[in-house]
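Before any comments, here is the structure.
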2 protein chains.
Amino acid sequence: MSGKKNSLTVADVAREAKVSKATAARVLGEYGIASEGARKAVLEAAERLGYQPNDLARSMSTGRSGLVGVIVGDIENAFFSQAVRGISDTLRAAGLNLIISNSSEQLSEEIEMVSVLLRQRVAGLIVAPTDARHVDHLKAALAAGTPVVTLDRHAPQLGADAVCGEDRQSVGRVLRRLQEEGHRHVAYVTAMKTRDGKLGRLEEIGISAVRERISGFLTQMREAGVEDPADLVFVGATGDDETTAVVTRILKRSPTITAILASDSLICARVFRELSDRGLTLPQDMTLVSWFDADWSRVTTPRISVVDQPTYQFGQKAAERLIARLKGDASPPRVYVIPTPLLERGTIGPAKTE
Amino acid sequence: MSGKKNSLTVADVAREAKVSKATAARVLGEYGIASEGARKAVLEAAERLGYQPNDLARSMSTGRSGLVGVIVGDIENAFFSQAVRGISDTLRAAGLNLIISNSSEQLSEEIEMVSVLLRQRVAGLIVAPTDARHVDHLKAALAAGTPVVTLDRHAPQLGADAVCGEDRQSVGRVLRRLQEEGHRHVAYVTAMKTRDGKLGRLEEIGISAVRERISGFLTQMREAGVEDPADLVFVGATGDDETTAVVTRILKRSPTITAILASDSLICARVFRELSDRGLTLPQDMTLVSWFDADWSRVTTPRISVVDQPTYQFGQKAAERLIARLKGDASPPRVYVIPTPLLERGTIGPAKTE
DNA sequence: GTAACCACTGATACCGGTATCATTACTTGT
DNA sequence: ACAAGTAATGATACCGGTATCAGTGGTTAC
């Protein structure tokens, strides 16, 4: 079939340069010492033959592998693809490459991916863990000496560096701002799926960022004197139709509910469209705030107010931490929090009073 | 430093199972034959010890490598990240993984990336080549037995499979539709950089998709009797400020110019925002059509008419072709054209007549 | 003059798998 | 009963690098 027979080896180069394999390997691998003459002869021979080193073989014998595994929920989502760009740029600068995997936010797939990456003997792992309660596979990687950094999420019992946004604080910040405008009943819309379509126990939420935000939401709402804030958390906004249904349910409770928080840019886009389709004007008829500053947030009318999650920076920081660990940094694991400020644009207005 | 000492080998498992290394390798590697008893003993020993195969070593000795290299212009761009998702899903189903690289649309980086990936002995390459005239590095990969598929772009002299959209036809289709509406002077806005900020010779455009579209644009415009269509191609819309400048230049030539074609969704977003900032109403004051159906195209008012480039499918098809080649398909290279229909929404209107 | 040191080199074991081949122990056929 | 075939196994070479170690020849030190 694919007869890949032509690959040249150091031995071939050595023969051509009339030196030993060991000497050729030293100059090609840039280790040890070699005389100026030998070096020139080998380099010229390599050039003449068109020698291409084999990194597979190199990592085999050194044990180190220039490859870092990255597992995200969905690269198609700008949130992650931007983070991946940050990771990629940073790793590349350190001479590392990345293998990308999609977990589709499913634990079983994540476990499978980790196994595949470990088989490839990646130097390290950057993961957005799907479930903070099930991280044994990551813990095993860590124990086996493969550093792990979690992205956007934190799993305390894992004992790995984490790079996160200010999930809890940002939701508090937004709510306080809305409360200033007189909003009392604010809906929080998230893609999270639950068995019965209702918000269950907080400890059962696997994605830490989601849990933190909802937890912060409930706390802040209770502090503001809202009796049953769990009723204001709308889960299951996974697709177009589901989000439409959620908006319908929210509007049925209008004018009580005067503001909507969208947990990501996809949800926000769908909510925004639903609202305008129904003839509502923002922010007069409804206040809307989203997480993640998608590239289109400033093209709508009015422009959308967002909690800016600079995921490129998330990625950068995660890659930096991983590189540090690879270089031997053995300090205790830390959580690195990236500021996620509220960017006020045109969709925050005073609460509509009936 | 990173003492990675614990890795178990087939030899360890063999010892534990009291069989030879060869037998253990046969059952763990699922090749050759082994008795039921031996199989059970080895599997149990592997389980007990927690053995994890080393794919590096495996690829070393087999020569095959389960990894496919992907080089795109920018993963951060939804156009590519969607394609990557298609590639990823398809490859995964065939038991392959992918290494992602960003060329930032720079030939030098692309060449470097190809070299890195080849060193990793990837099984194949999926590339969006930055310059169709400089593909020697890809040709070399092909010659060395590593199959290559180009994505979204075609380099005839490369002799590799290509997966493309209907670049030339789609621009003709759009223009004919606009001409029906009475538009004669249509602007085409692209991110392409040129030395002097003006459109040079077509043969000097490296990205084939860009060249095809502009070429199609010029042809169709000439057919419609527009005297100097090159004046209507606006290049260099690379960032926010640059695009603003382009819009300014276009509007200066209004009301002559009655419609704008944006070559990608980033440009479209910026053009759209610029137009609404200046108080223009679409489609009454200006017609706008973009390439790529970004997720936000349907949240604006009015919704944006787009040439739908289903890049997930681009990716799928490219991965399928690569897999076929890997399986030994030696048929002559082909160009696979994915339909890119015009989705008419709200931004196409009759030409404003003065 | 020779011991000690130095730069440089080559032979070879090794990384952890796969693949080949020879060997052993059983069947099976006639 | 004996040749031939077959299933199962173990020993070992091999993939293409790196790393170790034992020389070799030349220079400096006393």
Side-chain angles (χ1 to χ4, degrees), chain A residues 2-42 45-46 49-67 118-123 144-145, chain B residues 1-42 45-46 49-67 118-121 123 144-145:
Chain A
S2 54
K4 197 177 284 190
K5 199 74 286 321
N6 50 338
S7 77
L8 295 166
T9 74
V10 280
D12 298 318
V13 176
R15 200 174 310 119
E16 173 82 8
K18 298 192 194 343
V19 297
S20 74
K21 182 187 161 192
T23 300
R26 272 189 285 258
V27 356
L28 293 172
E30 296 177 334
Y31 63 94
I33 42 183
S35 66
E36 209 35 60
R39 160 162 283 104
K40 235 189 86 195
V42 171
L49 265 35
Y51 168 76
Q52 285 279 82
N54 182 335
D55 276 351
L56 239 54
R58 180 169 300 177
S59 344
M60 260 283 310
S61 68
T62 58
R64 317 175 257 291
S65 113
L67 253 31
L118 252 25
R119 275 207 261 287
Q120 296 285 347
R121 294 297 189 266
V122 291
Chain B
M1 303 296 101
S2 53
K4 196 176 282 188
K5 199 74 284 326
N6 50 340
S7 77
L8 296 166
T9 73
V10 281
D12 297 318
V13 176
R15 200 173 312 119
E16 172 82 7
K18 297 194 198 338
V19 297
S20 73
K21 181 187 161 191
T23 299
R26 272 190 285 259
V27 357
L28 293 172
E30 296 178 332
Y31 63 93
I33 42 183
S35 67
E36 209 37 60
R39 160 162 282 104
K40 235 188 85 194
V42 171
L49 264 36
Y51 169 76
Q52 285 279 82
N54 182 334
D55 276 351
L56 240 52
R58 180 169 301 177
S59 336
M60 259 283 309
S61 70
T62 58
R64 313 175 258 291
S65 111
L67 250 33
L118 252 25
R119 274 207 259 288
Q120 295 286 348
R121 295 296 189 264

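Here is the naming used below: chain letters follow the sequence lines, and residue numbers restart at 1 for every chain. What's counted below: heavy atoms across the whole structure, side chains too, no hydrogens, waters or symmetry copies.
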Name the atoms and distances for all side-chain donor-acceptor pairs under 3.5 Å in residues 14-24 of chain A, with sequence neighbours left out.
| unit_1 | atom_1 | unit_2 | atom_2 | d |
| --- | --- | --- | --- | --- |
| R15(A) | NH1 | D12(A) | OD1 | 3.2 |
| E16(A) | OE2 | R48(A) | NH1 | 2.2 |
| S20(A) | OG | A22(A) | N | 3.4 |
| S20(A) | OG | T23(A) | N | 3.2 |
| S20(A) | OG | T23(A) | OG1 | 3.3 |

Give the table of side-chain donor-acceptor pairs shorter than 3.5 Å for residues 51-58 of chain B, with sequence neighbours excluded, one pair per line with atom names and distance.
| unit_1 | atom_1 | unit_2 | atom_2 | d |
| --- | --- | --- | --- | --- |
| N54(B) | OD1 | L56(B) | N | 2.8 |
| N54(B) | OD1 | A57(B) | N | 3.1 |

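A search for side chain to side chain donor-acceptor pair (under 3.5 Å) contacts involving R64(A) returns nothing, not counting sequence neighbours.
In this structure, the CZ atom of R15(A) is 13 Å from the C1' atom of dG16(D), given to the nearest Å. Whole-Å rounding puts the Y31(A) OH to dT9(C) P distance at 13 Å. Rounding to whole angstrom units, CZ of residue R64(A) and P of dG17(D) are separated by 16 Å.
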Under the side-chain contact (heavy atoms from CB on, under 4.5 Å) rule, what do R26(B) and I33(B) come out as? Steps first, then yes or no, please.
CA-CA 7 Å; R26(B) 272 190 285 259; I33(B) 42 183; 5.6 Å; no

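Recorded end-axis angle for the helix from dG1(C)-dC30(D) to dT30(C)-dA1(D) stands at 40°, based on five pairs per end and rounded to 10 degrees.
Listed here is the closest heavy atom pair of V13(B) and V42(B): CG1-O, 3.7 Å.
Distance CE/M60(A) to OG/S61(B): 8.5 Å, rounded to 0.5 Å. Atoms CD and OG, from Q120(A) and S59(A) in turn, are 10.0 Å apart once rounded to the nearest 0.5 Å.
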Using the 3.5 Å cut-off, write out each protein N or O paired with an N or O of nucleotides 5-15 of chain D and the distance between them.
| unit_1 | atom_1 | unit_2 | atom_2 | d |
| --- | --- | --- | --- | --- |
| dT9(D) | OP1 | S35(B) | OG | 2.8 |
| dT9(D) | OP2 | S35(B) | N | 2.7 |
| dT9(D) | OP2 | S35(B) | OG | 3.4 |
| dG10(D) | OP2 | S20(B) | N | 2.8 |
| dG10(D) | OP2 | S20(B) | OG | 2.9 |
| dG10(D) | OP2 | T23(B) | OG1 | 2.7 |
| dG10(D) | O5' | S20(B) | OG | 3.4 |
| dG10(D) | N7 | R26(B) | NH2 | 2.9 |
| dG10(D) | O6 | R26(B) | NH1 | 3.3 |

Using a cut-off of under 3.5 Å, enumerate the N/O to N/O pairs linking the protein to nucleotides 23-25 of chain C.
none

